[in-house]
Number of protein chains: 2
Amino acid sequence: MAEDGPPRAVKRAVTVKDVAAAAQVSRATAARALNGYGYVGDEAARRGQEAAERLGYRGNRIAQALRQGQMPIVGFVPGDIQNPFFARVAHDIDAALRRSRHSLLIASSDESLVQEQGLLDNLRALNVRGMIVAPASEGDNRHLARLVREGVPLVLIDRELPGMECDSVTVDNEGGAHEAIGLLIANGHRRIALIHDASRIATARQRREGYLRALAEAGLPAEDRLIAVSQSTVEHAIDATIRLFSRPERPTALFTVDSLMTTGALLALRSMGLAVPRDVSLIGFDDFDLATFTDPQITVVAQPVGQIGPLATKMLLERIQGSDEPARHVRFPTRLIARGSVARVDFGRA
Amino acid sequence: MAEDGPPRAVKRAVTVKDVAAAAQVSRATAARALNGYGYVGDEAARRGQEAAERLGYRGNRIAQALRQGQMPIVGFVPGDIQNPFFARVAHDIDAALRRSRHSLLIASSDESLVQEQGLLDNLRALNVRGMIVAPASEGDNRHLARLVREGVPLVLIDRELPGMECDSVTVDNEGGAHEAIGLLIANGHRRIALIHDASRIATARQRREGYLRALAEAGLPAEDRLIAVSQSTVEHAIDATIRLFSRPERPTALFTVDSLMTTGALLALRSMGLAVPRDVSLIGFDDFDLATFTDPQITVVAQPVGQIGPLATKMLLERIQGSDEPARHVRFPTRLIARGSVARVDFGRA
DNA sequence: AGCGGCTGAGAGACCGATCTCACACTTCAT
DNA sequence: ATGAAGTGTGAGATCGGTCTCTCAGCCGCT
């Protein structure tokens, strides 16, 4: 494919050697003058600085990295950079890293385990200082375990991996879902549908578990025909919603496990002529722009998105600096934001 | 701040030297066996491969990069990774790059020229193979000119820079805006408001120019009180909209230059009790999820978002492979998607 | 037999920055 | 005066992989 062709002629960059020659000192002295370590005479230092300035010396990060065994780069592997949640987190990580003079390399796994493995191999080969990963699967995690074993600083976000000995920053998915379903039950709903992602993503599973626990506690059965499986895209969610609501005895409420699915559900309900909340009460996991845009606005389980990136970065930088306290697992609470998409249902009808 | 602490102990990686020793061949032969170049005997090749496999040899990209003078990395500097437009482009670039075994380093300029300069310096020091940049300013572009001069492959997206000798991929901002305003004028509108970004971003300027040209062609004056300046955020756009529409003789139509501003305008109009399109006709630049979500849906000037990333990547890879044809400037046409947010206004009223 | 051409493989240079080490020179205390 | 401690500098090793150069066999051809 687009493989290496003849190397493009890039003007050769200025090296310490050039600086040293211009300043008429040795490479070692020039390096000392530029990095301010060891003993350097005033005169030599001045000449070195001046020559570097004049020639436009910038240093070669690659050579430095080779010498030091590490690149000033942190890798971030989100499930999907187009998901606003990850875009926000990426932005926050980037901003937090900038202060410590690291660059951020973002490589989306597209929720594919295989792709994730390849990307991590890549990042490992680049000798990045550390990685922040949203693991695509709860299944095979030997590639992550290996990183931990080899001492590569690693922080998991959004999705935790039971038994993985590394820091993680997540939210209380189970509790958030439980609270949402609780609200629906308290409003008299008995036939509460769920659209979730069958993939092995931990968050989806936990949100489903919260749903199931809430039902169980209310003595309600978990019925297969109330649960639809969908990929996390608007289109698939539309199909899933239509499947759920075109049966007789249709659900009176719907819980969706992420914002793309909530969007799909809204579109599908509208196309079926079902009004929220008159015909269907709706709660979505994850707050998003659209939620305040509909009429009425959508009740959601909100995550503290703005805290995840900064905290994960802070933890990672501590690890990079050599901290070896035991793995920390931070789990943020979620917040149920009641807007207008949940209506009381009278018991006779339910 | 979080500066280098004691280097964390990372298990030393396997090197060619280790492989060579294990396979009982020289480093050079081992390297040949692993990379399949030059003359290698079958036996030596087999032993090399086997030893590499057994030891888990992965190669050191940094050392390779140092030798070859280039990192297999492409830099991407969007104005803001949280903007869905750039998130989409980033995703597409990433996907396109993966096929040519490059990684993507994303560093958002946050629309700050100073930050952009710093980031480019950084990327340059990392010896990335090339860069894709959405320049934050039309003003001082010496840092970009220098890259071009030094032969670093560079592709500009979204915003072009007149006189810059490098490839660019943009859309017809002026034409798109002109067409939109034309539609409003054809529907009888005479007081057409504009909310735009005063920054030195080229796109914003061009969209404003399209607006002005359309007015001029219809013999309508460009009135200051019809033009509001706002930063590109939902909050600022809300303020700007309220300013525009709380005057007597309020505008009958509004044109917003990006999707965040369109969102803000919608929110503001709703809060002021003005219905779209009954009281105000609205057209936004850049299509977005919300636009099909409102009732009625919003008419927009759509850009071919999905084509920008792949094309920019293709151009960049060609440059990386040494193409030195003259700079190519691709400008995609925009497409006016008529939905329901433009109403006819009767001439007596306008 | 002798020579050119090919295959196979090792030694060592090299990329650029950093760091250790050795050496020279100064200053100060004994 | 002499050694010790402190200061300034350069030579060279090092990081890991790649690549050139050299050399040794081996083939076939004249």
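Order of the sequence lines fixes the chain letters, A, B, ..., with proteins taken first and strands second; residue numbering starts at 1 for each chain.
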Phosphate OP1/OP2 of D:dT7 contacted by A:Y39 side-chain N/O (<4.0 Å): yes

OP1 or OP2 of D:dG17 under 4.0 Å from side-chain N/O of B:N35: no

Measure from the side-chain heavy atoms of [X] and tell me the nearest of [options].
X: B:Q68; options: D:dC19, C:dG16, C:dT18; value: D:dC19
X: A:S26; options: D:dA13, D:dG10, D:dG17; value: D:dG10
X: A:R32; options: C:dA17, D:dT9, D:dT18; value: D:dT9
X: A:Y37; options: D:dG10, C:dC19, D:dG17; value: C:dC19
X: A:Y57; options: C:dA17, D:dA11, D:dG16; value: C:dA17
X: A:V25; options: D:dG17, D:dG10, C:dG16; value: D:dG10
X: B:N60; options: D:dG16, D:dG10, C:dA17; value: D:dG16

Between [atom1] on residue [X] and [atom2] on residue [Y], distance to nearest 0.5 Å:
X: B:S137; Y: B:H143; atom1: OG; atom2: NE2; result: 8.0 Å
X: B:T203; Y: B:E160; atom1: OG1; atom2: CD; result: 9.5 Å
X: A:L147; Y: A:R142; atom1: CG; atom2: CZ; result: 13.5 Å

Residue of the set B:R54, B:R46, B:R47 for which side chain to side chain donor-acceptor pair (under 3.5 Å) holds with B:E50: B:R54

Tell me the interatomic distance from [X], atom [atom1], to [N], atom [atom2], rounded to whole angstroms.
X: A:K17; N: C:dT18; atom1: NZ; atom2: C1'; value: 15 Å
X: B:Q64; N: D:dC15; atom1: CD; atom2: P; value: 17 Å
X: A:L66; N: D:dG16; atom1: CG; atom2: P; value: 7 Å
X: A:Q70; N: D:dT14; atom1: CD; atom2: P; value: 21 Å
X: A:R61; N: D:dC15; atom1: CZ; atom2: C1'; value: 18 Å
X: A:R67; N: D:dG12; atom1: CZ; atom2: P; value: 17 Å
X: B:D42; N: C:dT7; atom1: CG; atom2: P; value: 13 Å
X: A:L34; N: D:dT9; atom1: CG; atom2: P; value: 14 Å

Touch class at under 4.0 angstrom, heavy-atom based, for B:G59 against every strand present: sugar-phosphate

Sugar-phosphate only, base, or nothing, as touched by B:A44 at under 4.0 Å among non-hydrogen atoms: sugar-phosphate

Min side-chain heavy-atom separation B:M131-B:V77 under 4.5 Å: no

Position toward the 5' end of DNA chain C (nearest nucleotide), B:A45 or A:A31: B:A45

Whichever of A:A28 and A:I62 has its nearest DNA chain C nucleotide further upstream toward 5': A:I62

Polar side-chain contact A:R27-C:dT18 base: donor and acceptor under 3.5 Å: yes

Charged N-O contact under 4.0 Å between B:E318 and B:R328: yes

